[in-house]
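The structure appears right after this line, and notes come after that.
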Amino acid sequence: MRIIEEIKQQIAQALRAALETAKAKGLLQCQRVPEFIIEIPREKSHGDFAANLALVLAKEAKMPPRKVGEILLAQLDIAGGDVDRVEIAGPGFLNFYLRPDWLYRIPKIIFSLGDRYGSVSIGNGLKVQVEFVSANPTGLLHMGNARGGAIGDSLANLLAFAGYDVSREFYVNDAGNQIQLFGKSLDARYREALGETVAFPADGYHGADIADSARLYIAAYGDALLAEEAEVRERTLAEFALKDKISRIEKTLKDYGIVYDVWFSEASLYTDGKIKETVDWLLKAGHAYEREGAVWLKAPADSEEKDEVLVRSNGLPTYFAADIAYHRDKFQRGFDRVINIWGADHHGHVARMKRAVSLFGYDPDRLTVILMQLVHLMRGDEAVRMSKRAGTYLTLEELMAEVGYDAARYFFVMRNPDSQMEFDLELAKSKTAENPVFYVQYAHARICSILRQAKALGYGLPADPAALDYTVLREETELALLAKLADLPEEVANAALALEPHRLTVYVQELAAAFHLFYTHCRVNTEDAALRAPRLALSQAVAQAIRNVLALGRPCAGRNVSNQCV
RNA sequence: GCGCCUGUAGCUCAGUGGAUAGAGUGACGGAUUCCGAUUCCGGAGGCCGCAGGUUCAAAUCCUGCCAGGCGCGCCA
């Protein structure tokens, strides 16, 4: 139920009719109705809705926009709808002022939809896959993964709420060079732990977790591997540690509120023959060729790009070849749209990937890559120094232990992925007004408290909130709060279309602010029952809306804020 | 050198071509006999990096420049 959308349609239709009438009377000249927008003005004095039709029409009509506006206004028939009056303002905007009746329908809609309030159906059940985190399984999750996890999962939740059929996927890089190096590093730690002195591989993984894995293996199976060939030791240790690491990653992400639909193994692309099949197809289609014992993907003839290696001269496919096979498989699985969340350091890969997708006949616009910039970790004014090479970096597990997962997710989602962001650990764990998470949660807690109070005072809660008379809510702060509530479905639709979950954090803070303002001006638990009941219900509706938005960030998966007050 | 991202209040950041550019925070000044003051209100604080262009209208679109970040492997 998108009441704002309905009203916009109502206004747009009246405007189109006015334009037709004006044309018929010879007052205005234009070929067809131009694109125009109806928006909610920032400035309250500019009405509830504003249309720019006169401005976009001015040129073709060969008249000043203000004059066009006057003509349209004279022909506008608004009788019978929600519009109370229309004014022309500024350069020629038509400002629509509505009777507040439409706002009084909002609480009823919220109560009838409950936790579905705000959901829209713009997705039409389109199948969308969101692939995110896909961290290298040889290590622990870092801040980049934390940001990607928060953004990816919130985006997936948002798209589902907007009517898409969403699948969450983790691509497990359990094959290729880094797994061999992983095995060598493990082997070194294994032998070290058993008393040998070994030279650590030059580019090996230095993290303490590697030694942990080696010790874990020893605890389970002892030193029998020492008798085996190096290759066997490395492979066995890598397999063992990988299994352990992946289940730890899965658990960490689950604690972070993320549950995947699919864990897709890169190694399976080798064993299923999908990489070979893909490379063969490209060779056969003439998009790839062999040179110096390697297989190369041709760059487009009209570009400056270089050809890329798909299969090395040693016969092993590159990551790029595996990724092409993987993306081909995604589309073969029937996804209408594929969204990847990648770190900005992979941006050079985006154009190549989209081109590869198009070689298989898929529209490259069906693949969207959201790149996220770096996270700078701060502790107050001090930067937290981290070195991935030395294995000293803050892990997602440590982050959650320090600031809690709800604050962590909210902070990451709050920022546009395009921007480098600062993450201040001190701020995130502070339970003060400085912290936006607590500002929103406080609004919800305050509502719960008001509802408890109503029961304690013997008032009780409205038995049938949908049947109440809301027309007694006439205070400015009450109307503003209702209008803010009405906005949620629009915010969801716009955020989903733009793939920008961070917009909802802006919205929910505004909603919380509108509630706090209402609270300071209007006493809810007043003795006047005719006023008290709709105010209690309004508060309940706000709590519902807050929960619905926060649920998109899933900060409340286990211990949630819902149902604490009905 | 080429490519991608960013540049908005002291700081952290919103801002889907629209009217007087916003929020939080910091500093300053106020508000509570009463539902959680973790709240609310107020003024102060801006060449929207710079310069052109497109448009009735530009923080937003285009071009160039400056600054910061990240890429440009038979790594992933």
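- At least one side-chain nitrogen or oxygen of A:Ser419 sits closer than 4.0 Å to the OP1 or OP2 atom of B:rA14.
- B:rU25 is paired with B:rG10 under the criterion used here, namely a Watson-Crick or G-U wobble arrangement in which both key atom distances are under 3.5 Å.
- Base engagement by A:Asn52 is indicated by at least one non-hydrogen atom pair under 4.0 Å involving a base atom.
- As rounded to the nearest Å, B:rG15 and B:rG69 have C1' atoms that lie 23 Å from one another.
- Across the C1' atoms, B:rC35 and B:rC40 are found 15 Å apart, a figure rounded to whole Å.
- Considering only side-chain N and O atoms, A:Tyr507 lies nowhere under 4.0 angstrom from the phosphate OP1 or OP2 of B:rA23.
- Between B:rA51 and B:rC4, the distance separating the two C1' atoms is 23 Å to the nearest Å.
- Using a 4.0 Å cut-off, no side-chain N or O of A:Lys455 falls inside it from OP1 or OP2 of B:rC35.
- Contact annotation: A:Tyr519 reaches the phosphate of B:rA37 (side-chain N/O to OP1 or OP2, under 4.0 Å).
- Donor-acceptor pairing under 3.5 Å, judged by distance alone, is present between the side chain of A:His347 and the base of B:rC70.
- Among the heavy atoms of the strands, none lies under 4.0 Å from A:Phe320.
- Under the Watson-Crick or G-U wobble criterion, with both distances below 3.5 Å, B:rG3 is paired with B:rC70.
- Looking at which nucleotide of RNA chain B each of A:Glu292 and A:Gln420 is closest to, the 5′-most match is held by A:Gln420.
- For A:Tyr319 and A:His349, the ring centers sit closer than 6.0 Å to each other.
- Note on A:Val350: nothing from the nucleic acid sits closer than 4.0 angstrom, heavy atoms only.
- The base of B:rC74 sits with one of its N or O atoms less than 3.5 Å from a complementary donor or acceptor on the side chain of A:Ser313.
- Stacking is found between A:Phe93 and the pyrimidine-like six-membered ring of the B:rA19 base under the 5.5 Å centre-distance and 30° plane-angle cut-offs.
- Here B:rC74 presents its P atom at 13 Å from CG of A:Leu297, a figure rounded to the nearest Å.
- Between A:Trp296 and A:Tyr289, the two ring planes are parallel [angle under 30°; tilted spans 30° to 60°].
- Contact of A:Arg415 with B:rC13 (side chain to base): no donor-acceptor pair of N or O atoms is detected under 3.5 Å.
- A salt bridge links A:Glu308 to A:Arg352: one of the charged nitrogens lies within less than 4.0 Å of a carboxylate oxygen.
- B:rC65 and B:rG49 make up a base pair, with Watson-Crick or G-U wobble contacts both under 3.5 Å.
- Among the protein residues, A:Asn95 comes within range of the nucleic acid bases, having at least one heavy atom under 4.0 Å from a base atom.
- The aromatic rings of A:Tyr326 and A:Phe264 sit tilted relative to each other, their planes meeting at an angle between 30° and 60°.
- Lacking a ring centre under 5.5 Å from that of the base six-membered ring together with a plane angle below 30°, A:His502 does not count as stacked on B:rA14.
- Note on A:Arg379 versus A:Glu402: salt bridge recorded, some NZ/NE/NH1/NH2 to OD/OE distance being below 4.0 Å.
- The A:Arg352 side chain lies nearest to B:rA76 when the options are B:rU39, B:rC35, B:rA76.
- Stacking annotation: A:His46 is stacked on the base of B:rA19 (ring centroids less than 5.5 angstrom apart, interplanar angle below 30 degrees).
- Look at A:Arg312 and you'll find a side-chain N or O under 4.0 angstrom from OP1 or OP2 of B:rC75.
- Defined by atom type and a distance below 3.5 Å, a donor-acceptor pair is missing between the side-chain atoms of A:Asp528 and A:Thr526.
- A 3.5 Å limit on both hydrogen-bonding distances identifies no Watson-Crick or G-U partner for B:rU33.
- Taking a pair to require two hydrogen-bonding distances under 3.5 Å in either a Watson-Crick or a G-U wobble arrangement, B:rA19 remains unpaired.
- B:rA19 and B:rA27 have their C1' atoms separated by 32 Å, given to the nearest Å.
- Taking only side-chain nitrogens and oxygens, A:Arg446 comes nearer than 4.0 Å to OP1 or OP2 of B:rA37.
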